[in-house]
Engineer: 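Supplied in structure tokens, the structure appears directly below.
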Amino acid sequence: MKPALVLWCLVLTLVLNAPLAARQVRADASREPLERSAGFQNASAELEIDAYRFAPVPGEPATWSASNRTHGFTSRVSASGLVLEPLTADSSSACTQWKLELSTRSFGRVGHAPEVSSSDVHVAEQRAEIDRGEVLEWFVNDPRGVEHGWTIERAPAGVEPLWIGLELGGDLALRIDAGGRSGILVDATGEPRLRYTGLVAFDATGREIDARMQPSPDGVGIAIDDTSAVYPLTVDPMLTFPMWTAESDQDAARFGQFAATAGDVNGDGYSDVIVGARLYHNGESEEGRAYVYLGSSAGLSVSAHWTAEGNQISAKFGTSVATAGDVNG
């Protein structure tokens with residue numbers, strides 16, 4: 001083969017292979033950030049677990065504690081139950097000292113619920129469990145708050161609704177909301193300090209079953225209708241700082257971009273809130289919507305008391321919201 005032809009073939013080979021090599025280098029480089037990103041996410045997840053993990057309390061056998069900076073309280077779990085206190089206490093600020101003591105007192109059927117036993121606490125990362133015989137009581141500490149739950153493996157004898165009797169101690173009293181799915185824990189002045197909310201119960205198939213908080217001669221408890229339920233059952237409320245959130249349940253509605261006090265709309269002595277969602281659509285594109293949430297001693301309502309829409313394309317109703325004063329005198 002002539003030298004010129006050999007040289008030309010060599011050049012052609014290098015040119016044809018160069019894009020492949022370049023693509024290979026780029027592919028390797030593109031994997032590297034993904035690997036670093038995955039490592040960062042794993043590290044972030046581990047740090048979050050560390051921030052909410054239960055740890056043994058020095059000098060106090062079988063007692064575990066964990067902080068929850070998201071909600072501003074610290075929790076201690078022992079065979080006696082749960083104790084919550086604020087992370088800081090300053091008499092000159094809204095963060096004053098309080099204590100909540102919460103434990104399972106009894107379990108069985110309404111009208112017949114013997115006192116439960118207690119055993120050592122078993123802890124794994126953010127979860128603490130107390131075996132109370134017929135029911136397993138557990139707590140999970142995470143950014144949502146402290147999840148307080150029970151797992152019931154088998155149905156106790158009887159046909160009445162199940163009953164989980166609770167014992168509350170410390171400085172707070174529970175005011176149960178209408179419907180029995182949530183309540184507010186208030187101090188001696190009536191100031192809300194915690195919410196006990198999101199009560200839900202479901203069976204082994206995932207079917208939700210009715211569960212309600214109710215007052216009782218012994219304090220308060222949870223009544224559960226286990227008719228036709230498939231065991232085991234899970235019962236699951238949540239303890240949180242009394243923050244309030246709401247959403248429009250619609251993508252890009254701009255809910256909350258504009259919000260203001262609505263005054264005392266229903267005349268009950270508590271201030272209410274109006275929120276706009278200027279790009280909300282319900283038949284007309286970007287018609288907009290406004291929502292009014294009523295205030296109460298337990299804080300703002302979870303669902304809107306009043307709503308109105310623009311009912312016109314691109315009206316953007318709710319772009320500006322404010323109190324209207326005493327409209328009807």
Side-chain angles (χ1 to χ4, degrees), residues 54 60 62-66 68 73-85 99-124 126-142 145-158 160-176 180-185 194-203 209-226 229 231-240:
F54 282 100
E60 297 186 34
T63 302
W64 302 73
S65 69
N68 195 307
F73 52 63
T74 183
S75 57
R76 295 161 64 91
V77 178
S78 67
S80 300
L82 175 73
V83 177
L84 286 184
E85 294 180 279
K99 178 189 287 188
L100 171 68
E101 299 171 351
L102 177 64
S103 64
T104 301
R105 176 190 180 96
S106 59
F107 173 73
R109 298 284 180 181
V110 170
H112 182 69
E115 288 194 10
V116 297
S117 59
S118 61
S119 65
D120 292 338
V121 179
H122 300 280
V123 170
Q126 300 161 265
R127 183 183 177 97
E129 299 180 347
I130 307 173
D131 186 353
R132 297 198 180 278
E134 290 188 86
V135 61
L136 179 71
E137 183 177 19
W138 46 268
F139 306 92
V140 175
N141 182 51
D142 63 27
V146 173
E147 191 174 2
H148 182 201
W150 298 266
T151 302
I152 307 166
E153 290 294 336
R154 60 187 63 85
E160 297 83 4
L162 292 177
W163 179 258
I164 300 174
L166 304 179
E167 185 172 4
L168 277 73
D171 310 305
L172 305 183
L174 178 64
R175 295 179 180 174
I176 302 173
R181 294 298 185 95
S182 62
I184 193 79
L185 288 148
L194 293 168
R195 284 196 66 82
Y196 196 46
T197 186
L199 174 61
V200 65
F202 51 91
D203 69 4
I209 57 179
D210 188 68
R212 310 280 175 174
M213 282 185 274
Q214 297 178 2
S216 74
D218 297 326
V220 66
I222 299 174
I224 306 153
D225 182 3
D226 66 336
Y231 278 76
L233 309 184
T234 301
V235 186
D236 187 13
M238 175 78 70
L239 281 159
T240 66

Engineer: Could you check whether any side-chain heavy atom of L166 comes within less than 4.5 Å of a side-chain heavy atom of L174, counting everything from C-beta outward?
Structural biologist: no
Engineer: CZ of F73 to NZ of K99: how many Å apart, nearest 0.5 Å?
Structural biologist: 16.0 Å
Engineer: Can you give me the closest heavy-atom contact between L162 and F107, atom names plus distance?
Structural biologist: CD2-CZ, 4.4 Å
Engineer: So which heavy atom on L199 is nearest to which on M213, and how close?
Structural biologist: CD2-N, 3.8 Å
Engineer: Do E134 and V116 touch side chain to side chain, with heavy atoms closer than 4.5 Å?
Structural biologist: no
Engineer: Looking at W138, is its backbone amide N or carbonyl O close enough to the side chain of R127 to form a donor-acceptor pair, meaning the two atoms are under 3.5 Å apart?
Structural biologist: no
Engineer: Once you round to the nearest 0.5 Å, how far does OG1 of T197 lie from CE of M238?
Structural biologist: 9.0 Å
Engineer: What orientation do Y196 and H148 show, parallel under 30°, tilted 30 to 60°, or perpendicular over 60°?
Structural biologist: tilted
Engineer: Quick check: closest heavy atoms across A79 and R132, and the distance to 0.1 Å?
Structural biologist: O-NH2, 3.1 Å
Engineer: Rounded to the nearest 0.5 Å, how far apart are CG of L239 and CD of E147?
Structural biologist: 10.5 Å
Engineer: Return yes if some donor-acceptor pair links the side-chain N/O of T234 with the main-chain N/O of T151 below 3.5 Å, else return no.
Structural biologist: no
Engineer: So which of L82, V77, V140 actually passes side-chain contact (heavy atoms from CB on, under 4.5 Å) with V146?
Structural biologist: L82
Engineer: How about D236 and V200: do any of their side-chain heavy atoms sit closer than 4.5 Å?
Structural biologist: yes
Engineer: Consider side-chain contact (heavy atoms from CB on, under 4.5 Å). Of L136, T104, I224, which one does W150 pass it with?
Structural biologist: T104
Engineer: How close do F139 and I130 get, heavy atom to heavy atom, and via which atoms?
Structural biologist: CE1-CD1, 4.0 Å
Engineer: Does the pair D210/R181 count as a salt bridge with the N-to-O cut at 4.0 Å?
Structural biologist: yes
Engineer: Between Q126 (side chain) and N141 (backbone), is there a donor-acceptor pair under 3.5 Å?
Structural biologist: yes
Engineer: Has the side chain of R105 got a donor or acceptor atom that lies under 3.5 Å from a matching backbone atom of E167?
Structural biologist: no
Engineer: For A155 and D226, which heavy atoms make the closest approach, and how far apart are they?
Structural biologist: CB-OD2, 4.2 Å
Engineer: To the nearest 0.5 Å, how far apart are CD1 in I184 and CZ in R175?
Structural biologist: 9.0 Å
Engineer: In Å, rounded to the nearest 0.5 Å, how long is the span from OG of S103 to CD of E137?
Structural biologist: 7.0 Å
Engineer: Nearest heavy-atom pair of D142 and N68: which atoms, and what distance?
Structural biologist: O-ND2, 2.8 Å
Engineer: Nearest 0.5 Å please: distance from the CZ atom of F54 over to the OG atom of S65.
Structural biologist: 8.5 Å
